[in-house]
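Atom set for the values below is all heavy atoms of this structure, side chains included, hydrogens, waters and symmetry mates excluded. First the proteins, then the strands, lettered A, B, ... as listed; each starts at 1.
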Protein chains: 2
Amino acid sequence: MSGEPPPRSIPTATAGRLPAYHRALVAAAAAGARTCSSAELAAAVGAHPDQVRKDLSHLATRGTRGVGYPVGALVDELAGVLGLATERAVVLVGVGNLGRALATYDGFAARGLRLAALVDVDRRVVGRRVGDLAVGHVDELPALVRRHRVELGVVAVPAAAAQAAADALTGAGVTALLSFAPAHLRVPDGVVVRSVDVATELQLLGLLRGRPAARAGT
Amino acid sequence: MSGEPPPRSIPTATAGRLPAYHRALVAAAAAGARTCSSAELAAAVGAHPDQVRKDLSHLATRGTRGVGYPVGALVDELAGVLGLATERAVVLVGVGNLGRALATYDGFAARGLRLAALVDVDRRVVGRRVGDLAVGHVDELPALVRRHRVELGVVAVPAAAAQAAADALTGAGVTALLSFAPAHLRVPDGVVVRSVDVATELQLLGLLRGRPAARAGT
DNA sequence: TTCTGTGAACAGATTCACAGCA
DNA sequence: TGCTGTGAATCTGTTCACAGAA
């Protein structure tokens, strides 16, 4: 649980790989490993050992030559950097097919996230129960965000409604969004948006087929 | 419907943005636009006009100076490059929460994809109906792939089962995989893997919070 | 001898600047 | 004058090569 602040600013590309390292190291720890070499880690995440070392060099935890990296310390530091240590509240907008699947997704808790509220624009689904939460109306967002101190919003609405959902969330004070809508979201400065787009990925597969190297990207 | 072959090899980074351009142009066409400038396109996808022009310069369709790009021609060429013209069969492995949401996802058809079969390892769900398909067993994959000429496999199983699912798919002859499991998949040469990882994205949001520029990536 | 840590070389992508055509 | 097309410059990220500690 090292409360280490990020030692320096971590390059974007490296940051994108940290979750994978964290996963692999948690698995290694579960398997009883106390130490892990860059080669082992590279094999686990599908990268080159060089890259693993360069990436990890941005962290405070150092490996020992001839041996490898200390699994426990690295897991702790990564958890700290990724913010898994502190619990944060999440609100999910849109309880269609995808929204319901996400609402019952058990991966939130493991990432230090607590699903605090569900909302939708459609008055017909408001009040309905999904998992162990009742669906609220989008208009209640400001109150919900304040009450639960929500920091992260998940956008699971159709593309046409995505910008409105983003506006409602940022307007209510949410500063990080994860969108599943195939659309570009315009947000105020200081708000982080990541977007997971199944439609785009499907199209890319069509394009990448019959290409040289294909990196499993995220 | 231009059957144009990709004029040259398109850089990876550019390729990743083509689906977004395609979406934006389809929207523009629907709005009645016959022409679209790089600035408009840039605003729609959240990029700089310079970049849009550079990206589009890899395609055969040219814009006209002082006017912009021809919407219809660009949409057609992009559809061709992205392989939206030819229908391809998809098999989905894993009919848990996520799998069922994907099975009823209506975005496949719009990308030239037809969901041809569903399979699972769990004998208890085999035979069950999801959408308008019956769930088959993973052992039937080779037969299903052959029968429906499946080209694309979607992996919607837990991380621990993902490698086995990938092996089954590639073993049956599927050459493109879209994985939703938070794990690195090892596949034979020539097989393309893309991975959509909600867990990773959630962790990244924690890390990126309070950062300068945050590109909405995919 | 093994494996980390890092400077240096390299490759790829983005941004800039501007020439040129409608 | 407006907007495309593209070489040049810059920036970011990856790979290489090797010095040095355990």
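Here the CD atom belonging to B:Q51 is positioned 11.5 Å from the CG atom belonging to B:L41, to the nearest 0.5 angstrom. B:S195 OG to A:E201 CD: the interatomic distance, rounded to the nearest 0.5 Å, is 8.0 Å. Note that the CG atom of B:N97 and the CG atom of A:L102 stand 9.5 Å from one another [nearest 0.5 Å]. Interatomic distance, OG1 of A:T200 versus CZ of B:R111, reported as 7.5 Å (0.5 Å rounding). In this structure, OG1 on A:T14 lies 7.0 Å from OH on A:Y21, to the nearest 0.5 angstrom.
Across the protein-nucleic acid pair, B:H48 atom NE2 and D:dT4 atom C1' stand 18 Å apart, rounded to whole Å. The CG-C1' distance, from B:D55 to C:dG12, rounds to 13 Å in whole Å. Following rounding to the nearest Å, B:L59 (CG) and D:dT4 (C1') show an atom-to-atom distance of 14 Å. In this structure, the NE2 atom of B:H58 is 15 Å from the C1' atom of D:dT4, given to the nearest Å. Look at NZ on A:K54: it is 11 Å from C1' on C:dA9, rounded to the nearest Å. The nearest whole Å value for the distance from the CG atom in A:D50 to the P atom in C:dA8 is 17 Å. Rounded to an integer number of Å, the gap from CG of B:L18 to C1' of C:dA13 is 15 Å.
Remark: A:T64 is not in phosphate contact with C:dC3, judged by side-chain N or O atoms under 4.0 Å from OP1 or OP2. Contact check, A:R53 against D:dC16: no side-chain N or O comes under 4.0 Å of OP1 or OP2. Proximity of A:Y69 to the phosphate of C:dC3: no side-chain N or O atom is located under 4.0 Å from OP1 or OP2. Phosphate contact (OP1/OP2 of D:dT12, side-chain N/O of A:T12, threshold under 4.0 Å): absent.
The 12-atom threshold is exceeded at CZ of B:R114, counting heavy atoms of other residues, nucleotides or ligands nearer than 6.0 Å. Annotation: A:R62, atom CZ; neighbour count of heavy atoms from other residues, nucleotides and ligands within 6.0 Å is above 12.
At least one side-chain heavy atom of A:L152 sits under 4.5 Å from a side-chain heavy atom of B:L202.
Distances from the side chain of B:P11 to the nucleotides D:dT6, C:dA13, C:dT6 place C:dA13 closest.
Residue-to-nucleotide proximity on DNA chain C shows that, of B:A13 and A:L56, the 5′-proximal contact is made by A:L56. Nearest-nucleotide positions on DNA chain D for B:S57 and A:V67 put B:S57 closer to the 5' end.
Using a 3.5 Å distance cut-off with no hydrogens or angles, the side chains of B:D167 and B:Q163 do pair a donor with an acceptor.
Judged by distance alone, with hydrogens and angles left aside, B:R65 brings no side-chain donor or acceptor close enough to the base of D:dG2 to form a pair under 3.5 Å.
Over its length, the helix from C:dT1-D:dA22 to C:dA22-D:dT1 turns its helix axis by 10°, as judged from the five terminal pairs at each end, rounded to 10°.
Residues from residues 25-45 of chain B that place a heavy atom under 4.0 Å from any atom of DNA chain C: there are none.
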